[in-house]
Amino acid sequence: MSSVSRNDQELHRIEELHELRTLGIEPFPASFDRTHHAQHILSTFSDESPDVLASVSVAGRIMAMRKMGKATFCHIQDVTGRIQIYLKKDDLGDVYENFRLFDIGDIIGVEGFVFRTRMGEISLHARTLTLLTKCITPIPVGKEEVAEDGTVVRYDAIADKEQRYRRRYLDLIANPQIKDTFIKRARIISSMRRFFDDRGWLEVETPILQPIYGGATARPFVTHHNALDVELYLRIADELYLKRLIVGGFEGVYEISKNFRNEGMDKTHNPEYTAMEIYVAYKDYIWMMEMTEEMLHSIVTEVCSSVEVEYQGTALSFALPFARARMFDLFDEHTGKNLRGLSREQLLATARELNVGVDSTASAMKILDEIFSVLVQPHLIQPTFVMDYPVEMSPLAKAHRIEKGLVERFELFVMGKEIANAFSELNDPLDQRARLEDQAQIRADGDDEAMVVDEDFLHAIEVGLPPTAGLGVGIDRLVMLLTNNDSIRDVLFFPQMRPEKSASNTAESGE
RNA sequence: GAUCCCGUAGCUCAGCUGGUUAGAGCAUUUGACUUUUAAUCAAAGGGUCCUGGGUUCGAAUCCCAGCGGGAUCACCA
């Protein structure tokens, strides 16, 4: 306590806390019997039969208070919204006297009857009032005004993004509308889970701590296990473990969980992020494309109650079927050049010609990738499957059944961003070994994001992976699209932040 | 990692061409008010102007460094 510096408002609230206890009022009781949520009352009240709500109890945080001597109006906020409470000295007696010790931010329970005020607002006339939690720290609450068209205008609400991300609980109190994003996020995930469960696929859990990381090209987080005295990696993908389960005889497995990548942070990247990966035996990437569009169509319909979604001013349609295009056809269309079968040098010259900046030492794969992301990707606004990638870009995908040099892979793009990635999984063990050894060579040549050879994974493939289709979906980006947010930080409760340097000197340290 | 912008009361922000004692609204405290709603009216308290150096008679203001944040770019999903 002694290390905590408190301002006058906090000191005053602590005094009030002591005074409440002196008066025999427990500021932190164990529970409260609540019968109604705010929104429920507002939507069921009728002026014809107010008696239906003649005795209700609500609980919530005091967000606004208007004292008028012997009567007070305040608004409390629960998970569903706000409702006005009317407190009158005549009805409450001593309790009304004690109400002077209550502040904005306190959590209270109120029992009473519902009525409509002279100004027309449905309100709860209190018969009893119970303090449920005393708030010691003033909360950054803006006043709010409901305009005539029903829109809520907030004044002075918490706006500093650092505060909002670091102290999300304050953000949620002051800006309750952001709850909708997180509620929608939960609904998207449960809708996806239901889609898979309904088809008989099994939700599984595979290791996050891995002795060898794989399944993607990325730098890992490294940690140490004391008992075994070994380095372990936080997974960058769960692909290699899920495929082992298909080898073991499961015919459909999926996992929704965090991956960790030790790379930069920006609007679309957080070091830990949520991915869904699914593998289904005896299927190929064409089947997976159909499954993917059906799944997304089903989620969007369920969560957004429409196949159309507005994102940053653009109307996106998830109506079936989604557009499909082969990667090299898109190059034809958007660059006017045929890039099929070109050597690294020819690609480099073409990139220069197209004014796409690439390093002169870049690999053929990197050059293609760069041309694609600069000249093609921005055009893929409506959901579009891009199919048939060059083999070099996809060391875990099966060689194309017809076109040499390509693999059976697709990615789904929406608003120019990649949302999903899928292959017919490579199950030829000799091909797989050769591809991973290529990766090891690229790695030895200095690209520390290239894949590491996982001998046990190769062993599993040698035992026999049936024909299998696999799909990965970036959940955070999907949520961004469906909640109209343009920063990943707004769809994560607690985005990664640099640790606060001053934290050790301030309030949290002692408790 | 690079560049640009920002950091002033619990919250939102003014002040910044250097010049008395750093301001406003909300919040807080005291008083008035029994249907208010950004309640109103009267008064009061509240500041490490991010931190540390420097320039100057004098720095919230100018300069340097650091810390923290935001935006853009590069790598990645």
Side-chain angles (χ1 to χ4, degrees), chain A residues 5-13 15-16 63-75 82 84-92 96 100 103-105 115-121 123 125 135-147 152-166 170 174 216-219 236-237 259-277 357 359 366 369-370 373 411-413 417-421 447-449 472-478 480 486-489 497-503 505:
Chain A
S5 71
R6 299 198 181 276
N7 65 36
D8 58 334
Q9 293 191 43
E10 292 167 335
L11 292 171
H12 182 256
R13 285 171 179 227
E15 275 171 31
E16 287 177 332
M63 299 301 286
M65 194 146 40
R66 292 176 292 281
K67 293 195 178 184
M68 301 167 51
K70 299 185 180 64
T72 295
F73 288 90
C74 59
H75 274 95
R82 292 187 178 192
Q84 180 168 258
I85 308 293
Y86 178 52
L87 307 163
K88 207 164 113 177
K89 186 174 183 186
D90 293 349
D91 300 332
L92 294 165
Y96 190 84
R100 73 192 155 82
D103 294 291
I104 289 175
F115 72 113
R116 190 184 289 276
T117 66
R118 198 173 290 165
M119 300 299 286
E121 180 163 350
S123 307
H125 189 129
C135 170
I136 292 305
T137 301
I139 57 174
V141 170
K143 298 203 166 191
E144 62 179 45
E145 179 182 28
V146 181
V152 176
V153 183
R154 283 197 181 70
Y155 299 86
D156 303 338
I158 181 170
D160 178 17
K161 284 197 175 178
E162 178 179 3
Q163 283 285 339
R164 292 190 44 216
Y165 295 142
R166 284 194 197 276
L170 291 180
T217 54
R219 275 182 272 269
I236 58 172
N259 288 340
F260 305 84
R261 298 194 179 178
N262 206 339
E263 285 163 353
M265 298 156 53
D266 61 30
K267 267 179 152 170
T268 54
H269 298 85
N270 194 64
E272 58 180 282
Y273 70 98
T274 303
M276 188 292 302
E277 286 195 34
D359 196 285
K366 283 235 151 107
D369 200 28
E370 193 60 27
S373 57
E411 292 187 301
L412 175 65
F413 289 87
K417 296 261 192 269
E418 183 196 336
I419 297 299
N421 179 24
D447 184 349
D448 59 356
E449 290 190 349
V473 175
I475 298 294
D476 309 287
R477 293 186 177 179
L478 179 61
M480 285 164 64
D486 76 336
S487 171
I488 195 169
R489 293 184 153 190
M497 303 284 280
R498 193 183 299 271
E500 268 182 298
K501 206 191 173 193
S502 60
N505 312 325

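Note that these values count all heavy atoms, side chains included, but never hydrogens, waters or copies made by symmetry.
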Fill in the blank from the handout: Whether each nucleotide of nucleotides 31-37 of chain B has a protein heavy atom under 4.0 Å at its base (B), only at its sugar-phosphate (S) or at neither (-) is summarised, 5' to 3', as --BBBBB
Practice task
Using the test side chain to side chain donor-acceptor pair (under 3.5 Å), find all partners of A:Asp8 that sit at least two apart in sequence or belong to another chain.
Solution key: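 A:Asp8 satisfies side chain to side chain donor-acceptor pair (under 3.5 Å) with no residue once adjacent residues are dropped.
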Problem - Qualifying residues under side chain to side chain donor-acceptor pair (under 3.5 Å), relative to A:Asp486, sequence neighbours excluded - result: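 Residues passing side chain to side chain donor-acceptor pair (under 3.5 Å) with A:Asp486: A:Lys267.
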State which residues pass salt bridge (Lys or Arg N to Asp or Glu O under 4.0 Å) with [X]; sequence neighbours excluded, sorted by chain then number.
{"X": "A:Arg477", "answer": "none"}
{"X": "A:Arg219", "answer": "A:Asp448, A:Glu449"}
{"X": "A:Glu263", "answer": "none"}
{"X": "A:Glu418", "answer": "none"}

Enumerate the protein-to-nucleotides 21-25 of chain B contacts in which both atoms are nitrogen or oxygen and the separation is below 3.5 Å.
{"residue": "B:G25", "atom": "N2", "partner": "A:Asp156", "partner atom": "OD2", "Å": "2.9"}

Exercise for the section: Decide whether A:Asp91 and A:His125 meet the rule of one side-chain donor and one side-chain acceptor closer than 3.5 Å. Expected result: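 Yes, side-chain donor-acceptor contact under 3.5 Å.
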Give every pair of a protein N or O atom and an N or O atom of nucleotides 41-51 of chain B that lie under 3.5 Å apart, one pair per line with the distance.
{"residue": "B:G45", "atom": "N2", "partner": "A:Asp8", "partner atom": "OD2", "Å": "3.0"}

Handout entry: side chain to side chain contact (heavy atoms under 4.5 Å, CB included) partners for A:Asp369, two or more places apart
Key =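 Listed in chain order: A:Met393.
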Practice task
Kindly write out the residues that satisfy side chain to side chain contact (heavy atoms under 4.5 Å, CB included) with A:Glu370, not counting sequence neighbours, or none if the list is empty.
Solution key: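 A:Glu370 satisfies side chain to side chain contact (heavy atoms under 4.5 Å, CB included) with A:Val356, A:Val358, A:Ser373, A:Val374 once adjacent residues are dropped.
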Practice task
Check whether any side-chain N or O of A:Tyr273 sits under 3.5 Å from a backbone N or O of A:Asn259 as a donor-acceptor pair, and report yes or no.
Solution key: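 No; judged by distance alone, with no hydrogens or angles, the pair does not exist.
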I'd like a list of close polar pairs between nucleotides 74-77 of chain B and the protein, N/O only, cut-off under 3.5 Å.
{"residue": "B:C75", "atom": "O2'", "partner": "A:Glu449", "partner atom": "OE2", "Å": "3.4"}
{"residue": "B:C75", "atom": "N4", "partner": "A:Asp266", "partner atom": "OD2", "Å": "2.9"}
{"residue": "B:C76", "atom": "O2'", "partner": "A:Glu263", "partner atom": "OE1", "Å": "2.6"}
{"residue": "B:C76", "atom": "O2", "partner": "A:His269", "partner atom": "ND1", "Å": "3.4"}
{"residue": "B:C76", "atom": "O2", "partner": "A:His269", "partner atom": "NE2", "Å": "2.3"}
{"residue": "B:C76", "atom": "N3", "partner": "A:His269", "partner atom": "ND1", "Å": "2.9"}
{"residue": "B:C76", "atom": "N3", "partner": "A:His269", "partner atom": "NE2", "Å": "2.1"}
{"residue": "B:A77", "atom": "O3'", "partner": "A:Glu418", "partner atom": "OE1", "Å": "3.0"}
{"residue": "B:A77", "atom": "O3'", "partner": "A:Arg477", "partner atom": "NH1", "Å": "3.0"}
{"residue": "B:A77", "atom": "O2'", "partner": "A:Arg477", "partner atom": "NE", "Å": "3.4"}
{"residue": "B:A77", "atom": "O2'", "partner": "A:Arg477", "partner atom": "NH1", "Å": "2.2"}
{"residue": "B:A77", "atom": "O2'", "partner": "A:Arg477", "partner atom": "NH2", "Å": "2.1"}
{"residue": "B:A77", "atom": "N6", "partner": "A:Asn270", "partner atom": "O", "Å": "2.6"}
{"residue": "B:A77", "atom": "N1", "partner": "A:Asn270", "partner atom": "O", "Å": "3.3"}

Exercise for the section: Return the nucleotide paired to B:G1: Watson-Crick means purine N1 to pyrimidine N3 with N6-O4 or O6-N4, wobble means G-U with N1-O2 and O6-N3, both under 3.5 Å. Expected result: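 By the stated definition (distances under 3.5 Å), B:C73 pairs with B:G1.
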